[in-house]
Amino acid sequence: MRELYQEVIIDHNRNPRNFYAMENASSHAEGYNPLCGDKLNLYLKIEHDTIVDASFTGEGCAISTASASIMIESLIGKTVSQAQAVFEQVHTMLTCDHCDESCLGKLAIFSGVKAYPARVKCATLAWHTLLAAIKNNQDIVTTE
């Protein structure tokens with residue numbers, strides 16, 4: 001599992017998916033992790049309560065970048081309520097000792113992050129920024 005985790009993180013860090021500033025996004029949010037210096041801009045295109053497209057820009061550590069990349073891959077095509085439910089599942093996985101990760105698919109790769117508490121904020125930055133974008137909250141999201 002550790003080797004797969006490292007492989008996936010490295011791949012998504014070197015080749016992040018959906019890494020661009022989306023024109024005509026229906027919502028946008030900014031995130032910042034002052035502990036690590038991660039910065040993220042998240043763009044969503046929501047039509048009829050469904051995330052039809054998403055992208056991000058920014059700079060950050062490998063975990064932060066990979067988390068945003070994998071998050072976006074997993075959310076395109078989901079309804080807003082489904083996206084919020086996935087947020088809850090991921091947040092629980094990253095902060096709880098005894099959680100069932102089987103329903104998270106590729107996102108379960110981040111379960112090992114909880115062994116490094118300072119890195120949990122890196123992994124959750126994109127997710128908290130997602131909630132702000134869904135709510136059209138223009139305040140900068142921080143992990144502090």
Side-chain angles (χ1 to χ4, degrees), residues 1 3-96 99-114 116-144:
M1 182 70 163
E3 288 176 17
L4 178 61
Y5 163 78
Q6 290 174 342
E7 226 176 90
V8 171
I9 298 296
I10 290 169
D11 179 44
H12 278 268
N13 180 54
R14 288 185 180 157
N15 305 297
R17 283 45 158 201
N18 300 296
F19 188 78
Y20 64 94
M22 181 187 301
E23 292 183 23
N24 302 319
S26 54
S27 63
H28 165 262
E30 293 180 55
Y32 177 58
N33 175 359
L35 184 66
C36 195
D38 304 321
K39 293 180 181 179
L40 173 77
N41 285 289
L42 181 66
Y43 306 89
L44 298 177
K45 187 173 227 178
I46 300 172
E47 295 176 357
H48 307 291
D49 200 44
T50 299
I51 300 170
V52 296
D53 201 6
S55 70
F56 76 105
T57 61
E59 54 190 46
C61 69
I63 292 171
S64 175
T65 301
S67 181
S69 178
I70 294 170
M71 176 191 77
I72 288 171
E73 280 189 332
S74 70
L75 294 179
I76 293 175
K78 289 196 173 16
T79 65
V80 168
S81 60
Q82 288 171 325
Q84 291 169 320
V86 174
F87 165 86
E88 291 299 329
Q89 292 169 327
V90 169
H91 191 265
T92 299
M93 173 189 67
L94 289 169
T95 58
C96 184
C99 300
D100 178 19
E101 296 120 16
S102 62
C103 62
L104 288 171
K106 195 174 191 177
L107 293 168
I109 203 74
F110 288 100
S111 65
V113 173
K114 66 183 159 200
Y116 307 96
R119 306 308 267 166
V120 169
K121 293 180 182 203
C122 302
T124 60
L125 177 63
W127 293 92
H128 287 288
T129 307
L130 168 70
L131 291 184
I134 287 171
K135 296 174 183 174
N136 274 318
N137 181 347
Q138 297 304 305
D139 295 333
I140 294 176
V141 176
T142 69
T143 54
E144 293 301 310

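What's counted below: heavy atoms across the whole structure, side chains too, no hydrogens, waters or symmetry copies. We're numbering straight along the sequence, starting at 1.
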Hey, does [Y] have a side-chain heavy atom less than 4.5 Å from the side chain of [X]?
{"X": "Leu125", "Y": "Ser67", "value": "no"}
{"X": "Val80", "Y": "Gln84", "value": "yes"}
{"X": "Ile72", "Y": "Phe19", "value": "no"}
{"X": "Leu44", "Y": "Leu130", "value": "yes"}
{"X": "Leu42", "Y": "Met71", "value": "yes"}
{"X": "Phe110", "Y": "Val8", "value": "no"}
{"X": "Ser64", "Y": "Leu40", "value": "no"}
{"X": "His128", "Y": "His91", "value": "yes"}

Discussion item. Counting only heavy atoms from other residues, nucleotides and ligands, does the tally under 6.0 Å from CD of Glu23 exceed 12?
Written reply: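 Open: at most 12 neighbouring heavy atoms sit under 6.0 Å from CD of Glu23.
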Worksheet item: Taking only residues two or more places apart in sequence or in another chain, which ones pass salt bridge (charged side-chain N to carboxylate O under 4.0 Å, His left out) with Arg119?
Response: none
I need the [X] [atom1] to [Y] [atom2] distance, nearest 0.5 Å.
{"X": "Arg17", "Y": "His12", "atom1": "CZ", "atom2": "NE2", "value": "3.5 Å"}
{"X": "Asn137", "Y": "Glu30", "atom1": "CG", "atom2": "CD", "value": "11.0 Å"}
{"X": "Gln89", "Y": "Leu107", "atom1": "CD", "atom2": "CG", "value": "9.0 Å"}
{"X": "Asp49", "Y": "Gln82", "atom1": "CG", "atom2": "CD", "value": "9.0 Å"}
{"X": "Ile134", "Y": "Leu75", "atom1": "CD1", "atom2": "CG", "value": "7.5 Å"}

Worksheet item: Can you check ring-ring contact (aromatic ring centres under 6.0 Å, His included) on Phe56 and Tyr43, steps first, answer last?
Response: CA-CA 6 Å; Phe56 76 105; Tyr43 306 89; 9.3 Å; no
